[in-house]
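The structure presented is a predicted model; accordingly, all values stated were derived computationally and were not measured. The sequence lines fix the lettering, A, B, ..., with proteins before strands; numbering per chain opens at 1.
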Number of protein chains: 2
Amino acid sequence: MTTELKKSRGRPRVFDMDEALDKALKIFWERGYEGASLAELTETLGINKPSLYAAFGNKEELFHKALLKYATGPVAFVKDVINEPTAYKVAEAFLVKAAEFLTDPQHPKGCMIVQGALSSGESAELIRDVLIKYRVSYENLLAERFAKAKVDGDLPDDTSPKNLAKYLATLHQGMSVQATSGAAKDELLEVAKLALKIWPGNNQ
Amino acid sequence: MTTELKKSRGRPRVFDMDEALDKALKIFWERGYEGASLAELTETLGINKPSLYAAFGNKEELFHKALLKYATGPVAFVKDVINEPTAYKVAEAFLVKAAEFLTDPQHPKGCMIVQGALSSGESAELIRDVLIKYRVSYENLLAERFAKAKVDGDLPDDTSPKNLAKYLATLHQGMSVQATSGAAKDELLEVAKLALKIWPGNNQ
DNA sequence: ATATTTATTTACCAATTGGTATTTAATTAT
DNA sequence: ATAATTAAATACCAATTGGTAAATAAATAT
């Protein structure tokens, strides 16, 4: 059923670009931008450098493509989360799904957007800034959702959507560090449970 | 008043070791272990490589010495915090002081123990593991303090000291990421304030 | 069959990485 | 004054970094 209109002219590519990008993603994910060497990348993808460059551009472009795949793939759940019916359910879904995702044994621990280039040398400064922007935009997504919840009367008047969003983003980022450090899913779920106790009406 | 018994025999060292270590600390702090190059280190310390090696050993040893200085210097407040009279005051002091420290303009943003080697190449794996141990031990310090609080009747019987400690450690680590990403002190103080609302008796 | 196109392979590149051997300079002990 | 000791400066090292030029192989269009 897949439309294989591969009347491409030259020598056919021997590797699957999507699979290769996925492997690159996982290396960046657990090594970070600077920690991932071209040597490890090419070795893992099973291709050599010129092929990698022809297919994806340079290391930086490869990272960006991997990042895009990450944001639209594994991490897409964040954008679903804001569709939960109430602010509380948004927060709950966000933290619970984060706990599960960050410790999922199917892929590297932690969040690539958090640890891809947290502190780094000059060569990764652009990458670092892009990741910061991603984090900020996810946080803003939550803040906007909570602002709407206030209008809906779903949150008390004296609550600050921004503070609430930053609280959740901070927890998420901390959970990412925890996951990378070996914390188990259940431990992070307990953290999530505790964190949700701040919610008005969810006390004790 | 400083006992300068410098009847050391050979050519005198031209730089102050403590000052130099402090500069190295700040570079590791904002660049991470791998991100800090020997070139940047020697340039900033104002000494050349052989001098650095003679004084501090290799890059890894220098990092460990800087880390020790960090843990006994800027970050010593964590060990004071557990002397607060109540569990709540411990948590409050921990989060408030963390917010202030992580955004202090006097030194790099964020926590070196969190971002010194979060994700990295193979060359930093030992460092990464040491930093993980540091994080775990700080968390254990809090957990033990809260266990004592339970015995004292300062915390309800159904509270888990470990979960509480992990909750606070997670927030601290998240705040570190936030600080590195440009969050302001006031914003982190708001997060701390929100976070403390989970406390029994501190609701609303 | 041949030309064209595209991918792979091999071999290479300059720059940078962490790390040292060697020489030279500054100090103290004799 | 001279020997011994210690540090600094210069110059170097192999290995690795990200990146590429040139040659070769596999497909399609003519």
Residue from B:Asp154, B:Leu141, B:Leu168 passing side chain to side chain contact (heavy atoms under 4.5 Å, CB included) with B:Phe146:
B:Leu168
Does the side chain of A:Gln178 come under 3.5 Å of the side chain of B:Gln173 through a donor N or O and an acceptor N or O?
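Distance-only check passes for A:Gln178 and B:Gln173.
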Taking ring pair (Phe, Tyr, Trp, His ring centres under 6.0 Å) as the test, write out the residues that go with A:His64, two or more places apart.
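Applying ring pair (Phe, Tyr, Trp, His ring centres under 6.0 Å) to A:His64 gives none.
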Tell me whether the count of non-hydrogen atoms from other residues, nucleotides or ligands lying under 6.0 Å of NZ in B:Lys193 goes above 12.
no
With a sphere of 6.0 Å drawn around NZ of A:Lys69, does it hold more than 12 non-hydrogen atoms of other residues, nucleotides or ligands?
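Result for NZ/A:Lys69: enclosed.
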Qualifying residues under salt bridge (charged side-chain N to carboxylate O under 4.0 Å, His left out), relative to [X], sequence neighbours excluded:
| X | result |
| --- | --- |
| A:Lys148 | A:Asp152 |
| A:Glu43 | none |
| B:Glu40 | B:Arg31 |

Among pairs that include at least one residue of residues 163-189 of chain B, which meet salt bridge (Lys or Arg N to Asp or Glu O under 4.0 Å), considering only residues two or more places apart or in two chains?
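Pairs touching residues 163-189 of chain B that pass the test: B:Glu139-B:Lys166.
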Enumerate the protein-to-nucleotides 4-6 of chain C contacts in which both atoms are nitrogen or oxygen and the separation is below 3.5 Å.
from, atom 1, to, atom 2, distance (Å)
C:dT6, O2, A:Arg11, N, 3.0

Can you list, pair by pair, the side-chain donor-acceptor contacts under 3.5 Å of residues 45-62 of chain A, counting residues two or more places apart and other chains?
from, atom 1, to, atom 2, distance (Å)
A:Asn48, OD1, A:Ser51, OG, 3.1
A:Asn58, OD1, A:Glu60, N, 3.4
A:Asn58, OD1, A:Glu61, N, 3.0
A:Lys59, NZ, A:Tyr33, O, 3.0
A:Lys59, NZ, A:Ala36, O, 2.9

Under 4.0 Å from any atom of DNA chain C, heavy atoms only: list the residues of residues 116-132 of chain B that qualify, in numerical order.
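Within this stretch, nothing sits under 4.0 Å of the strand.
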In residues 15-38 of chain A, which residues come under 4.0 Å of DNA chain C by heavy atom?
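By residue number: A:Phe15.
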Return all side-chain donor-acceptor pairs below 3.5 angstrom for residues 112-124 of chain A, not counting sequence neighbours, or 'none' if the list is empty.
from, atom 1, to, atom 2, distance (Å)
A:Gln115, OE1, A:Thr180, OG1, 2.8
A:Gln115, NE2, A:Ser176, O, 3.4
A:Gln115, NE2, A:Ser176, OG, 2.5
A:Gln115, NE2, A:Thr180, OG1, 2.9
A:Ser119, OG, B:Gln115, O, 2.5
A:Ser123, OG, A:Glu34, OE2, 3.0

Determine all donor-acceptor pairs shorter than 3.5 Å in which one atom belongs to a side chain in residues 75-91 of chain A; sequence neighbours excluded.
from, atom 1, to, atom 2, distance (Å)
A:Thr86, OG1, A:Lys89, N, 3.0
A:Tyr88, OH, A:Asn202, ND2, 3.2

Looking at residues 40-61 of chain B, who's got a heavy atom less than 4.0 Å off DNA chain D?
B:Asn48, B:Pro50, B:Ser51
